[in-house]
Amino acid sequence: MARDRHPKKELEAVVEYAEEQGWEVSAGKRHAKFRLRCPHHDRDGCQVSVWSTPADVDDHAKDVRRSINRYPHKNEGGEDEEV
Amino acid sequence: MKKFEFAIIASGLNPEDEEFADRFYEAGCADATLSYQKGVIIVEFNRKAVSFSQAIISACQNVRATGAKIERVEPDHLVSLAEMSDRSPVTKQALSLYSEGKRGDGFPNPSACVTTRHPLWDWSEVAEWLYKHDKLALDDLVQARIVKEANVYLECNEVADDNFTRKLEALEPALA
């Protein structure tokens, strides 16, 4: 079944970006419109919440995207993180 | 009011709980992005406040109201050369020369992981040095001191209380 769309286009774009990266999108309860879960479902699995009405849509969109990009298994097998 | 970006790292709540995210929103974290990564809760704020200390204090109160335990505030005060370079206009190469004493004078010694290939510095000490050498703004130095104080306090105390508030506020430059 198709999921709801986020009414804020900036946040809908980030949710679509998460889906492209293989993240699972599920509906939240009250204030969290969506719960995004990374493809690595174990103890190290990541999740990010997307609010229905954040204090600032642009800040929230930027930070959700940053969280997705920080996903530790994103570059698995790739180069080591620089220390 | 200015907007301050920082993160609070917390633990003690189950991210699989249905109410997990709503608790944070209802506790006043609508200006934060909530994630769970590497086994910890990360609450990244974009908080409007009169000062950095007030932003940190109010955010800690909000996170604590969810029932979570606050572990620390980030950007952490322990930093690598690469991270120092990200936080200042100075290149990693220049920082490396300063740290080896090949350029400049009196650069702080590393504070942690000193016996490893990648030691860590105390950002508040480095910020102090960079500020004295006109390579960092006063605001950045004040924020470095406040984060350090917050993390030292949180390491030794169960919760952020009135004493925490006083200690952080004391680090703000006097308001004109």
Side-chain angles (χ1 to χ4, degrees), chain A residues 6-8 10-11 13-15 17-18 21 23-76 79-83, chain B residues 1 3-8 13-49 55 58-59 62 66 74 78-86 92 96 110 112-113 116-121:
Chain A
H6 200 295
K8 303 281 183 199
E10 297 86 346
L11 292 170
V14 176
V15 174
Y17 174 71
Q21 309 287 316
W23 287 52
E24 178 194 297
V25 180
S26 56
K29 271 194 95 180
R30 294 188 299 278
H31 304 290
K33 174 83 177 157
F34 297 117
R35 184 194 287 240
L36 313 178
R37 283 194 179 88
C38 77
H40 199 89
H41 281 244
D42 66 3
R43 191 184 160 277
D44 291 332
C46 305
Q47 71 171 48
V48 186
S49 298
V50 181
W51 304 133
S52 296
T53 50
D56 185 305
V57 170
D58 292 332
D59 283 346
H60 191 45
K62 173 176 68 74
D63 285 351
V64 170
R65 190 178 288 264
R66 185 168 61 187
S67 285
I68 294 165
N69 289 337
R70 197 170 54 204
Y71 168 50
H73 303 287
K74 192 178 162 73
N75 298 318
E76 205 136 82
E79 52 190 282
D80 285 341
E81 194 184 332
E82 197 188 0
V83 181
Chain B
M1 298 253 263
K3 204 184 260 186
F4 299 97
E5 278 187 53
F6 57 93
I8 291 183
L13 293 179
N14 181 0
E16 292 303 319
D17 190 297
E18 272 208 334
E19 301 281 331
F20 174 71
D22 289 328
R23 268 175 189 248
F24 283 86
Y25 192 95
E26 286 162 11
C29 301
D31 57 351
T33 294
L34 175 67
S35 59
Y36 180 81
Q37 288 185 324
K38 301 174 187 168
V40 294
I41 301 164
I42 306 170
V43 199
E44 288 173 272
F45 285 89
N46 279 280
R47 173 142 297 191
K48 282 185 188 157
S58 64
N62 296 144
T66 66
E74 290 198 350
L78 288 176
V79 290
S80 63
L81 286 174
E83 178 65 20
M84 285 186 234
S85 173
D86 287 348
K92 192 180 162 196
S96 181
C113 304
T116 71
R117 283 175 57 231
H118 301 293
L120 300 173
W121 279 259

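Every chain is numbered from 1, with letters handed out A, B, ... down the list of sequences.
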Roughly how far, to the nearest 0.5 Å, is the [atom2] atom of [Y] from the [atom1] atom of [X]?
X        : Y        : atom1 : atom2 : value
Glu19(B) : Arg30(A) : CD    : CZ    : 4.5 Å
Thr33(B) : His60(A) : OG1   : NE2   : 4.5 Å
Leu34(B) : Arg35(A) : CG    : CZ    : 9.0 Å
Arg66(A) : Ser35(B) : CZ    : OG    : 9.5 Å
Ile42(B) : Gln47(A) : CD1   : CD    : 11.0 Å

Fill in: Contact summary for Asp22(B) and Lys29(A), nearest pair of heavy atoms
OD2-CB, 3.1 Å
Discussion item. Hydrogens and angles aside, do Tyr25(B) and Thr53(A) bring a side-chain donor and acceptor to less than 3.5 Å of each other?
Written reply: yes
Item to complete: Ignoring hydrogens and angles, state whether a donor on the side chain of Asp56(A) or Asn46(B) is under 3.5 Å from an acceptor on the partner side chain.
Response: no
Fill in: Trp51(A) (side chain) donor-acceptor with Ala32(B) (main chain) under 3.5 angstrom
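Checking the backbone N and O of Ala32(B) against the side chain of Trp51(A), a donor-acceptor pair under 3.5 Å is found.
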Practice prompt. Count the heavy-atom pairs under 4.5 Å between each of Gly28(A), Pro54(A), Ser67(A) and chain B, then report the option with the highest count.
Written response: Ser67(A)
Worksheet item: Measuring heavy-atom distances to chain A, does Lys3(B) have an atom under 4.5 Å in its side chain, in its backbone, in both, or in neither?
Response: side chain
Worksheet item: Which answer fits Glu83(B), side chain, backbone, both or neither, if we ask what part of it has an atom under 4.5 Å from a heavy atom of chain A?
Response: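 Looking at Glu83(B), nothing touches chain A.
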Item to complete: Please indicate whether Lys62(A) has more than 12 foreign heavy atoms, meaning atoms of other residues, nucleotides or ligands, lying under 6.0 Å from its NZ.
Response: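 It does: Lys62(A) NZ has more than 12 such atoms within range.
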